[in-house]
There are 2 protein chains.
Amino acid sequence: MRSRVGANSRLTIAAHALTWIGLYQRRGHEVATSEQIATSVNTNPVVIRRLLGELRRAGLADSRRGAGAGWTLSRDLESITLLDVYEAVESGPVFALHRSAPDPGCVVGHGIGPAMTAVYDEVEATLREQLARTTLEDVLRDVLKAA
Amino acid sequence: MRSRVGANSRLTIAAHALTWIGLYQRRGHEVATSEQIATSVNTNPVVIRRLLGELRRAGLADSRRGAGAGWTLSRDLESITLLDVYEAVESGPVFALHRSAPDPGCVVGHGIGPAMTAVYDEVEATLREQLARTTLEDVLRDVLKAA
DNA sequence: ACGGATGTAACAGCTACTGTTACGACAAGA
DNA sequence: TCTTGTCGTAACAGTAGCTGTTACATCCGT
């Protein structure tokens, strides 16, 4: 039983940032600055820029430089799923096998990898399916409902 | 896109250790030592003792001390699911909300928590369901099949 | 040219897991 | 009772990732 304090909040922060940009644009603004987003998220603008940089590389956000610069969405909120965001910021398995290969001369050491992989693959596939079912539009709707 | 090198291998190692004990006992041995298990897992005996200590606290394993001591299963392989093991060694959410609370004066900052929690809860519940469907007996069967 | 914003490097602090050494506690068996 | 083998656990270093922060270069609209 571990506490896992350092759990992944990256998906949360990324979804927060994108949703914020989406709502801000919907209210008629051109671009959102990392400063504004950071205020809503309650963190440092650099943290936001770093994260949005990964999202831009994934084709979910764009940035303009120079004066009056800032961030925009590359796609509509409705076409971005939590899976898109997850893959942009967290790609990597939830569970891992051994760090160093177990004893191949042992029956268990030899067969445990494939056995666990079968389970992990299924878990991962289902997790992705679930994340894919929720769009940022859904998230925004829930957000506004809570207000 | 992060690599997540340090992903959770604890579930893998715990399942490996318990399965090893189960097979060893099934072959007529009384107890398994942390040294033997560590050899199969390819790690240090102390790592195994630490992990099995958590499994003992969860009621999945038992240890005897003194000469000729070692580890035994508290329950049959068939009655131990991967969820039992997961809860014993990994309890804690896969995803987390913000580390420090977002701006409650912002619509998004205020509503994003509940919105994401709804998704995360569902993901977590499904993950548990899936892990609960596989017993260590199933794992052992797969392991022996691979041999 | 100026000003405002991004892009990014660099660093410290925190947390978690692993691996290792060391040593005390314990109990079976001689 | 003494020996011996094993667990139980503390302690520490090393690795890794995320966060937060400072600093500074880069870019571009005005």
Side-chain angles (χ1 to χ4, degrees), chain A residues 1-14 16-17 21 29-39 41-57 61-72 89-93 95-102, chain B residues 1-14 16-17 21 29-39 41-57 61-72 89-93 95-102:
Chain A
M1 177 93 86
R2 293 295 168 108
S3 48
R4 208 183 312 200
V5 176
N8 301 325
S9 55
R10 312 185 92 239
L11 177 57
T12 301
I13 307 298
H16 184 156
I21 299 172
H29 300 89
E30 284 267 330
V31 298
T33 69
S34 60
E35 180 94 31
Q36 296 171 313
I37 302 169
T39 297
V41 173
N42 188 21
T43 184
N44 193 289
V46 175
V47 173
I48 299 299
R49 289 205 288 272
R50 271 197 299 233
L51 203 54
L52 285 177
E54 298 180 46
L55 295 171
R56 180 185 49 214
R57 257 166 262 138
D62 280 306
S63 63
R64 254 190 273 166
R65 304 185 67 168
W71 298 86
T72 54
V89 302
E90 307 231 43
S91 137
F95 297 115
L97 296 184
H98 311 63
R99 297 197 167 208
S100 48
Chain B
M1 176 95 85
R2 293 295 167 109
S3 47
R4 205 178 320 197
V5 176
N8 302 323
S9 56
R10 313 185 92 239
L11 178 56
T12 301
I13 307 298
H16 185 156
I21 299 173
H29 301 88
E30 283 267 330
V31 298
T33 70
S34 60
E35 179 95 32
Q36 295 172 314
I37 302 168
T39 297
V41 173
N42 189 19
T43 184
N44 193 291
V46 175
V47 174
I48 298 300
R49 288 205 289 270
R50 270 197 298 233
L51 203 55
L52 286 177
E54 297 180 47
L55 296 171
R56 181 187 46 216
R57 258 166 262 138
D62 279 305
S63 63
R64 253 189 274 165
R65 305 182 69 168
W71 298 86
T72 55
V89 302
E90 308 232 40
S91 135
F95 297 115
L97 295 184
H98 312 63
R99 295 195 169 212
S100 47

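Chain letters run A, B, ... following the sequence lines, proteins first and then strands; every chain starts at 1. The basis for the numbers below is simple: all heavy atoms, side chains too, and nothing from hydrogens, waters or symmetry mates.
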For the [atom1] atom of [X] and the [atom2] atom of [Y], what is their distance to the nearest 0.5 Å?
| X | Y | atom1 | atom2 | value |
| --- | --- | --- | --- | --- |
| A:Gln36 | A:Ile21 | CD | CD1 | 10.0 Å |
| B:Thr72 | B:His29 | OG1 | NE2 | 14.5 Å |
| A:Arg64 | A:Thr33 | CZ | OG1 | 12.5 Å |
| A:His16 | A:Ile37 | NE2 | CD1 | 8.5 Å |
| A:Leu51 | A:Leu11 | CG | CG | 9.5 Å |
| B:Asn8 | B:Ile13 | CG | CD1 | 11.5 Å |

Nearest whole angstrom, please: distance from the [atom2] of [N] to the [atom1] of [X].
| X | N | atom1 | atom2 | value |
| --- | --- | --- | --- | --- |
| B:Asn8 | D:dA16 | CG | P | 16 Å |
| B:His16 | C:dT18 | NE2 | P | 14 Å |
| B:Asn42 | C:dT20 | CG | C1' | 15 Å |
| B:Gln36 | D:dG5 | CD | P | 14 Å |
| B:Ile48 | D:dT9 | CD1 | P | 16 Å |
| A:His98 | C:dT18 | NE2 | P | 11 Å |
| A:Trp71 | C:dA5 | CH2 | P | 14 Å |
| A:Ile37 | C:dG7 | CD1 | C1' | 15 Å |

Just checking B:Ala69: base, sugar-phosphate only, or nothing, at a heavy-atom cut-off of under 4.0 Å?
sugar-phosphate

Taking any heavy-atom pair under 4.0 Å as a contact, classify B:Gly70: base, sugar-phosphate, or nothing.
sugar-phosphate

Does [X] contact [N] through a side-chain donor or acceptor facing the base, at a distance under 3.5 Å?
| X | N | value |
| --- | --- | --- |
| B:Arg64 | D:dG5 | no |
| B:Arg65 | C:dC26 | no |
| A:Arg56 | C:dG7 | no |

Should [X] be listed as having a side-chain N or O under 4.0 Å from OP1 or OP2 of [N]?
| X | N | value |
| --- | --- | --- |
| B:Arg10 | C:dT18 | yes |
| A:Thr33 | C:dG4 | no |
| B:Ser9 | C:dC17 | no |
| A:Thr43 | D:dG20 | yes |

What's the closest nucleotide to the [X] side chain, out of [options]?
| X | options | result |
| --- | --- | --- |
| B:Ala67 | C:dA28, D:dG20, C:dG19 | C:dA28 |
| B:Val46 | D:dT9, C:dT8, C:dT18 | D:dT9 |
| A:Arg50 | D:dG20, C:dG19, D:dC7 | D:dG20 |
| B:Asn44 | C:dG19, D:dT21, D:dG8 | C:dG19 |

The answer to which of A:Ser34 and B:Val47 contacts DNA chain C further toward the 5' end, by nearest nucleotide, is A:Ser34

